[in-house]
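Order of the sequence lines sets the chain letters (A, B, ...), proteins ahead of strands, with each chain counted from 1. These numbers come from the heavy atoms of this one structure, side chains and all, not from hydrogens, waters or symmetry mates.
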Amino acid sequence: MEAEEKKRSSNFIRDIIKKDLEDGKIEKVVTRFPPEPNGYLHIGHAKSININFGLASEFEGKCHLRFDDTNPSKEEQEYVDSIMEDIKWLGFSWGENLFFASNYFEQLYEWAIYLIKQGKAYVCDLTADEVREYRGTLTKPGKESPYRKRSVEENLELFEKMKNGEFPDGARTLRAKIDMSHPNLNMRDPIMYRILRATHHRTGDKWCIYPTYDYAHGQSDAIEGITHSICTLEFEDHRPLYDWFIDNLPLIHKPHQYEFARLNLNYTVLSKRKLLTLVTKGIVSGWDDPRMPTLAGYRRRGYTPQAIRKFCEQVGVAKANSVVDIAFLEDCLRDDLNKRAQRRMAVLKPVKVVIENYPDEKSEELEVSNNPEDESYGKRMVKFSKNIYIDRDDFAIDPPPKFFRLASGREVRLRNAYYFTCTDYKVDDKGEVIEIIGKIDPETRGGWSKDGRSPKVTIQWVNCEDALDAEIRLYDRLFLKENPEQVEEGKDFLDYLNPESLVVLKNCKIEPSLIHSKPGELYQFERVGYFILDKDSNKENLIFNRSVTLKDNWAKIKKKV
RNA sequence: UGGGGAGUAGCCAAGCGGUAAGGCAGCGGCCUUUGGAGCCGCCAUUCGAAGGUUCGAAUCCCUCCUCCCCAGCCA
């Protein structure tokens, strides 16, 4: 058992927590996932969720969900709702620990007054442009604001007036008094409060001043008793500021910030701004379009929480920027679905097969396994008769080398049914095969032969008489370029869209048992891939989404030949 | 040219002075009523580069190179 546990490799954050626990620095680990409710969660967030909630449960601590809602101009309730839904879907729970940074506005305001009284914060009248000028540059130190030396009394009075709405938006700010020549720009008197009249999704119009991220985040962590505040690399140089506020405020808990590299996926775009563009421009059908890397999109596509969590776990946690191959995500899905998906037969590009030596009126019920990987999934009955459909791709007039499927004179196994030999075929005026003719070996019922011969390939089929029609949506990567963020001169990321990211197949033929399928149920259409009923589906118009293909060896061979 | 980070295989990633885990991809084979799944094997004499310390260095010390982040009243 111990050996099994050791399989998973560690990461630096886990090591830190383990050590803090061992050293008695903390009694219990408390992490938090702090989304800003200004968009839907995507696979990158899943990594963060998995780290924060995963580590908390691993060490029997807890993980808070805290909405970082300090900027009412971009935040909406719709996003709050979707974020909670997605976290639950992933299988994590914040229990009682649901928080909002906006819950702390009052406390934050009092602490701002405290800092003013300590002479560590001041009201600044510089405009946004002036603030930028005074900040200096990467190589040049900044200049002190002319308002930096205001008296405590004046600062107190002005700050109260800011709060009371006596100044227009953007007219003044409250700034921390740190060091205008600090090599770290974040320490050059950062803004703590700005005047902003916007209706907040929780506090309404109560406030017209709002704390910035830098002033709110660490203090929220402190209030909640967060021990390990885990964020992404770009906040690394905010850490000194994070610590400055923590050290200069009368706090009991002193949280610490740790940073890891955010997730990147090739052929995928993960910035909220770009995802929003895809949605608003109608390039995808919405945040939950199955091509979107959002959790809502993956859910609709047929990804399972287990697959996503395994992916997050295996991808690791480190500080080096990296781009993970999308094939890795797909593999995690296949791995999960292979064990759990019910098998069904479906024919995506149907062509009719007539079995000459099968009686016209006869039909029979064949027993087939729902999942050969796990017999507990049971069996079902499938009807077989003289006329069936098989897939066009399983037949070739002129078979290429290494093609083991059906061709004139060849024998294949019809899955769970009989060995079948093609004797003839019909084509239309365009040369398209419209009918395949052949005979079965009646001695091979169930797909076995007493004489020990075994066809090289087994193909799936669907009985004509009771087959169901279905629409099948084939999804592929949204972008053709490995890194759609890296754009050439005069182009933007939308120039790299994959025109075939969605291919809709109509009149596919599927097993009748699929009429009972429900959203969320996992199916493998044998030899094709994994599919899930789409939310647009109804009994009259069945629609399935392809979650991921099966590994396709033939496709590989075809490429080589 | 200021500050903060990072460089281990095609892609992730362990490794923490004792002689390069694991996964994905790829390649070869076995097996198979899914060309699926499964199984077996191969895939870094070398860790961004050059020096140095040491019996011994991916790990310690130097110098250099490359990449990423920061000049929002965004987070």
Nearest-Å distance, OH (A:Tyr258) to C1' (B:G4)? 17 Å
Pairing partner of B:U54 (Watson-Crick or G-U wobble, both distances under 3.5 Å): none
With respect to the phosphate group of B:U34, does any side-chain polar atom (N or O) of A:Arg343 fall under 4.0 Å of OP1 or OP2? no
In terms of relative ring orientation, are A:Tyr215 and A:Phe245 parallel, tilted or perpendicular, with 30° and 60° separating the classes? perpendicular
Side-chain N or O of A:Arg132 versus OP1/OP2 of B:G72: is the shortest distance under 4.0 Å? yes
Taking pairing as Watson-Crick or G-U wobble with both contacts under 3.5 Å, can you name the mate of B:U19, or confirm there isn't one? none
Determine the contact category for A:Tyr530: base if any of its heavy atoms lies under 4.0 Å from a base atom, sugar-phosphate if only primed atoms, P, OP1 or OP2 are that close, otherwise nothing. nothing
Within the structure shown, what part of the strands sits under 4.0 Å from A:Val528 by heavy-atom distance: base, sugar-phosphate, or nothing? nothing
How far does the C1' atom of B:G10 sit from the matching atom of B:A75, given to the nearest Å? 34 Å
C1' gap between B:U54 and B:G18, integer Å: 12 Å
What contact category does A:Phe235 fall into here, base, sugar-phosphate, or nothing, at under 4.0 angstrom with non-hydrogen atoms? base
Could you check A:Lys319 against A:Arg135 and say which one's nearest nucleotide on RNA chain B is further toward the 5' end? A:Lys319
Both distances under 3.5 Å, Watson-Crick or G-U wobble: report the partner of B:G26, or none. B:C42
For A:Gln486, I'd like to know if atom CD has over 12 heavy atoms of other residues, nucleotides or ligands within 6.0 Å. no
Does B:C67 have its OP1 or OP2 closer than 4.0 Å to a side-chain nitrogen or oxygen of A:Asn321? no
Answer with yes or no whether the side chains of A:Gln219 and A:Tyr242 bring together a donor and an acceptor at under 3.5 Å. no
Assign A:Ala320 to base, sugar-phosphate, or nothing according to its heavy-atom contacts below 4.0 angstrom with the strands shown. sugar-phosphate
When we call it a touch if two heavy atoms are under 4.0 Å apart, what does A:Arg175 touch: a base, just sugar-phosphate, or nothing? nothing
With C1' as the reference atom in both, quote the distance from B:A57 to B:C69 in angstrom, rounded to an integer. 31 Å
Among A:Asn155, A:Asp189, A:Thr173, exactly one meets side chain to side chain donor-acceptor pair (under 3.5 Å) together with A:Tyr122. Which residue is that? A:Asp189
Ignoring backbone atoms, test whether A:Arg188 places a side-chain nitrogen or oxygen under 4.0 Å from the OP1 or OP2 oxygen of B:G72. no
Check this one for me: any side-chain N or O of A:Lys560 less than 4.0 Å away from OP1 or OP2 of B:G35? no
May I ask you to say what A:Val457 touches in the nucleic acid, namely base, sugar-phosphate or nothing, with a heavy-atom cut-off under 4.0 Å? base
With a non-hydrogen cut-off below 4.0 angstrom, is A:Gln314 in contact with a base, only sugar-phosphate, or nothing? sugar-phosphate
Any strand counts, and the cut-off is 3.5 Å on both contacts for Watson-Crick or G-U wobble. Which nucleotide pairs with B:A6? B:U66
Between B:U32 and A:Ser454, is there an OP1 or OP2 to side-chain N/O distance shorter than 4.0 Å? no
Taking only side-chain nitrogens and oxygens of A:Arg334, does any of them come within less than 4.0 Å of OP1 or OP2 of B:C24? no
Over all strands shown, is A:Leu337 touching base, sugar-phosphate only, or nothing at heavy-atom distances under 4.0 angstrom? nothing
Select from A:Asp15 and A:Thr212 the residue whose nearest nucleotide in RNA chain B is closer to the 5' end of that strand. A:Asp15
With a 4.0 Å limit, can you tell me whether A:Lys339 has a side-chain N or O closer than that to the phosphate oxygens OP1/OP2 of B:A37? no
Please report the distance separating the C1' of B:C11 from the corresponding atom of B:A44, rounded so that it comes out in whole Å. 15 Å
What class does the angle between the rings of A:Phe159 and A:Tyr109 fall in, given that below 30° is parallel, 30 to 60° is tilted and above 60° is perpendicular? parallel
Determine whether a donor-acceptor pair (one donor, one acceptor, N or O, separation below 3.5 Å) exists between the side chain of A:Asp237 and the base of B:G3. yes
Heavy atoms under 4.0 Å, any strand shown: does A:Leu196 hit a base, just sugar-phosphate, or nothing? nothing
Taking atom C1' in both B:G15 and B:A71, compute the distance separating them and give it to the nearest angstrom. 38 Å
Say you pick atom P in B:C74 and the same atom in B:G5; how far apart are they, in whole Å? 26 Å
When you check the phosphate oxygens OP1 and OP2 of B:U32, does a side-chain N or O of A:Thr458 lie under 4.0 Å from one of them? no
Mind checking if A:Phe328 touches a base, just sugar-phosphate, or nothing, with heavy atoms under 4.0 Å? sugar-phosphate
Name the nucleic acid region contacted by A:Glu330, choosing base, sugar-phosphate or nothing; use a 4.0 angstrom heavy-atom cut-off, strictly under. nothing
Describe the nucleic acid contact of A:His217 in one word from base, sugar-phosphate, nothing, applying a heavy-atom distance below 4.0 Å. nothing
Cation over ring, A:Arg172 on A:Phe167, under 6.0 Å and within 45°? yes
For B:A13, which nucleotide is its Watson-Crick or G-U wobble mate, given both distances must be under 3.5 Å? none
Anything under 30° is parallel, anything over 60° is perpendicular, the rest tilted; go ahead and classify A:Trp287 against A:Tyr40. parallel
B:C27 phosphate, OP1 or OP2, under 4.0 Å from A:Lys556 side-chain N/O: yes
Looking across every strand, which nucleic acid part, if any, lies under 4.0 Å from A:Thr173 by heavy atom: base, sugar-phosphate, or nothing? base
Searching all strands shown, indicate the nucleotide that pairs with B:G35 (Watson-Crick or G-U wobble; both distances under 3.5 Å). none
Over all strands shown, is A:Ser73 touching base, sugar-phosphate only, or nothing at heavy-atom distances under 4.0 angstrom? nothing
Within a reach of under 6.0 Å around NZ of A:Lys481, are more than 12 heavy atoms found that belong to other residues, nucleotides or ligands? yes
What about A:Glu313: does its side chain form a donor-acceptor pair under 3.5 Å with the base of B:G23? no
